[in-house]
2 protein chains.
Amino acid sequence: MPQVDEHLIDDDIDTSAWDGVPIRLRAAGLRWTPQRRTLVDVLREHQGHVTATELISRCRERDQTTTPSTVYRTLDVLEEFGLVAHGHGHDGREEYHVLPGETHGHLYCEACGRQWEIRPETGAAIVDALAADLGFEVDLSHVTISGHCQGCHD
Amino acid sequence: MPQVDEHLIDDDIDTSAWDGVPIRLRAAGLRWTPQRRTLVDVLREHQGHVTATELISRCRERDQTTTPSTVYRTLDVLEEFGLVAHGHGHDGREEYHVLPGETHGHLYCEACGRQWEIRPETGAAIVDALAADLGFEVDLSHVTISGHCQGCHD
DNA sequence: CGGTCGAACGCAACACGTTGCAATAGCAAT
DNA sequence: ATTGCTATTGCAACGTGTTGCGTTCGACCG
């Protein structure tokens, strides 16, 4: 097993973005509570996409008393700080992007259920098309576009 | 008010597509029930988009005993026959296109809440971009893309 | 016209997400 | 350490949509 030093290994996620959260909250007149700490601890371990439901159950693993409404409200706050971004999966349920870097759209194959990310260049083409049409400024990351992937159409 | 004969006026909707529904259902081994008749009668009066909730309440105006699960299940059947198509609004709730003609995507402005349809040519550009990228065959009508309209972005 | 089969119904329970409100508890100031 | 303000919590209730199950009734057949 060579070269293990050359790349980050799976569970070696950069969590530094979360370190300043308590301070940022207080600076905005908000509060750092045990419930928020639990959620942030859970988010530290995640990259990419998570459903709200999964976050709630992971929080409950750490704290039996976790309440859904608190989690949803905390996620709203974290979204205002740009630490998560929510979107809707193909079935309309909420999904969260943790530490959204470059925003990207999502594709969902109705046949096989797999998901893909839209490449930045392709996403840009979509954004440009809608900007040219109606002057619309699209937030691609908010939705999942449905269809059939190459392997599944016909 | 000249030329009123030259176009269909607003409440003169072509409902002929619904006339064959009982026969089509029976031909497929399915049944024509009073509950389905109520929903189809409601759908006859609609064009464009309706939320599932609105359909349920309109059915209840005609039949107090209408049950949500029956309406949802009937909508699924009608969708298989191509008479309605469901999508998700910006907040993930279900919307139905009645008698979907040319499929079109939707835009939702997060600031002012208004909605637009994506013009066919623009929609085609989006479909083409994703086909070129991953060979993905997109069903644009299923989702509502969020963003900010011309009047609302700065 | 009555019998049979199973599609469709209504209900009850669940899942996900939101909201209003009274009680709690951060946190800044004293 | 105590106090006061108010952000946050937890609960309960609601809205929307789905699912399982026992019962009903549509439709075809004799």
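Just so it is clear, the model here is predicted, and its values are computed rather than measured. Protein chains get the first letters and strands the later ones, always in sequence-line order, with residue 1 at the start of each.
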Peer 1: Base, sugar-phosphate, or nothing for B:Arg31, non-hydrogen atoms under 4.0 angstrom?
Peer 2: base
Peer 1: Could you state the CD-C1' distance from A:Gln35 to C:dG26, rounded to the nearest angstrom?
Peer 2: 11 Å
Peer 1: Is the ring centre of A:His86 less than 6.0 Å from the ring centre of A:His142?
Peer 2: yes
Peer 1: Heavy atoms from C-beta onward define the side chain here; which of C:dG10, D:dT8, D:dT16 lies closest to that of A:Thr33?
Peer 2: D:dT8
Peer 1: Closest nucleotide of DNA chain D for A:Thr65 versus for B:Ala27: which of these residues is on the 5' side?
Peer 2: A:Thr65
Peer 1: Calculate the interatomic distance between A:Glu94 atom CD and D:dT16 atom P; express it in whole Å.
Peer 2: 16 Å
Peer 1: Any side-chain heavy atom of B:Leu78 within less than 4.5 Å of one from B:Leu43?
Peer 2: yes
Peer 1: Could you tell me whether A:His49 and A:His104 have their ring centroids closer than 6.0 angstrom?
Peer 2: yes
Peer 1: When clusters are formed by joining ILVMFWY residues with side-chain heavy atoms under 4.5 Å apart, either directly or through shared neighbours, do B:Trp116 and B:Val50 land in the same one?
Peer 2: no
Peer 1: Between atom CZ in B:Arg26 and atom C1' in D:dC29, what is the gap in whole Å?
Peer 2: 16 Å
Peer 1: Specify the separation, in whole Å, of atom NE2 of B:His88 and atom C1' of D:dT18.
Peer 2: 13 Å
Peer 1: Within the structure shown, what part of the strands sits under 4.0 Å from A:Gly29 by heavy-atom distance: base, sugar-phosphate, or nothing?
Peer 2: sugar-phosphate
Peer 1: When you measure from the side chain of B:Thr53, which nucleotide among D:dG17, C:dC9, D:dC11 comes out closest?
Peer 2: D:dG17
Peer 1: Does any N or O donor sit under 3.5 Å from an N or O acceptor when you compare the side chain of B:Ser69 with the base of C:dC11?
Peer 2: yes
Peer 1: Provide, to the nearest angstrom, the distance between the CG atom belonging to B:Asp91 and the C1' atom belonging to C:dC16.
Peer 2: 13 Å
Peer 1: Can you find a donor-acceptor pair, distance only, under 3.5 Å between A:Arg73 side chain and D:dG10 base?
Peer 2: yes
Peer 1: Using whole Å, what does the distance between atom C1' of nucleotide C:dT18 and atom CZ of A:Arg93 come to?
Peer 2: 16 Å
Peer 1: Would you mind reading off the distance between A:Tyr72 atom OH and C:dG20 atom P, rounded to a whole angstrom?
Peer 2: 17 Å
Peer 1: Using atom CG of B:Leu30 as one end and atom P of C:dA8 as the other, report the distance to the nearest whole Å.
Peer 2: 4 Å
Peer 1: Looking only at non-hydrogen atoms, find the nearest pair between A:Ala28 and A:Phe81 and report the distance.
Peer 2: CB-CZ, 4.0 Å
